[in-house]
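It should be emphasised that the depicted structure is a prediction, and the values quoted were computed from it without experimental measurement.
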Amino acid sequence: MYFPQFLVGMSATAIGVAIWAYLETGSIWVTLGWSVLTLVILQVGYFGLVVHLVFRRSSEPSGARSAADPTSPLLFQTF
């Protein structure tokens with residue numbers, strides 16, 4: 001998942017929650033609270049996904065990674 005794609009999705013979700021909260025409660029403060037809570041939950045989820053991807057990548061054996069990774073240092077060696 002790319003960050004711009006995440007940013008658009010997060011913004012759309014926050015706006016959707018804000019509209020829903022305002023229509024249900026009629027209060028700007030409750031709407032602001034729900035929107036901030038939504039943004040915090042989404043950001044924690046995104047951080048968890050990035051950490052998962054980093055640790056999963058670092059736990060792969062180096063031989064498997066170099067065969068599948070086009071940016072592997074083995075491809076940049078000159079003989």
Side-chain angles (χ1 to χ4, degrees):
M1 174 181 284
Y2 297 105
F3 182 72
Q5 183 182 12
F6 167 74
L7 196 58
V8 168
M10 184 175 75
S11 299
T13 302
I15 290 169
V17 168
I19 291 170
W20 166 76
Y22 184 74
L23 291 175
E24 286 295 319
T25 64
S27 169
I28 294 293
W29 295 111
V30 173
T31 300
L32 182 65
W34 276 103
S35 298
V36 169
L37 181 64
T38 301
L39 292 172
V40 168
I41 290 171
L42 287 171
Q43 191 62 40
V44 167
Y46 185 73
F47 180 75
L49 175 67
V50 169
V51 168
H52 171 71
L53 291 174
V54 168
F55 281 120
R56 185 182 70 181
R57 171 130 180 157
S58 67
S59 67
E60 290 178 358
S62 61
R65 192 176 345 155
S66 64
D69 188 7
T71 60
S72 174
L74 295 176
L75 295 177
F76 295 115
Q77 292 179 349
T78 57
F79 295 101

Side-chain donor-acceptor distances from residues 33-42 under 3.5 Å, at least two apart:
unit_1	atom_1	unit_2	atom_2	d
S35	OG	T31	O	2.9
T38	OG1	W34	O	2.8

Taking only residues two or more places apart in sequence or in another chain, which ones pass side-chain contact (heavy atoms from CB on, under 4.5 Å) with V50? Y46, V54
Go through the structure and list residues passing side-chain contact (heavy atoms from CB on, under 4.5 Å) with I19, not counting sequence neighbours. I15, L23
Spell out, yes or no, whether V30 and V17 are grouped together once hydrophobic residues are joined by side-chain heavy atoms under 4.5 Å, including indirect joins. yes
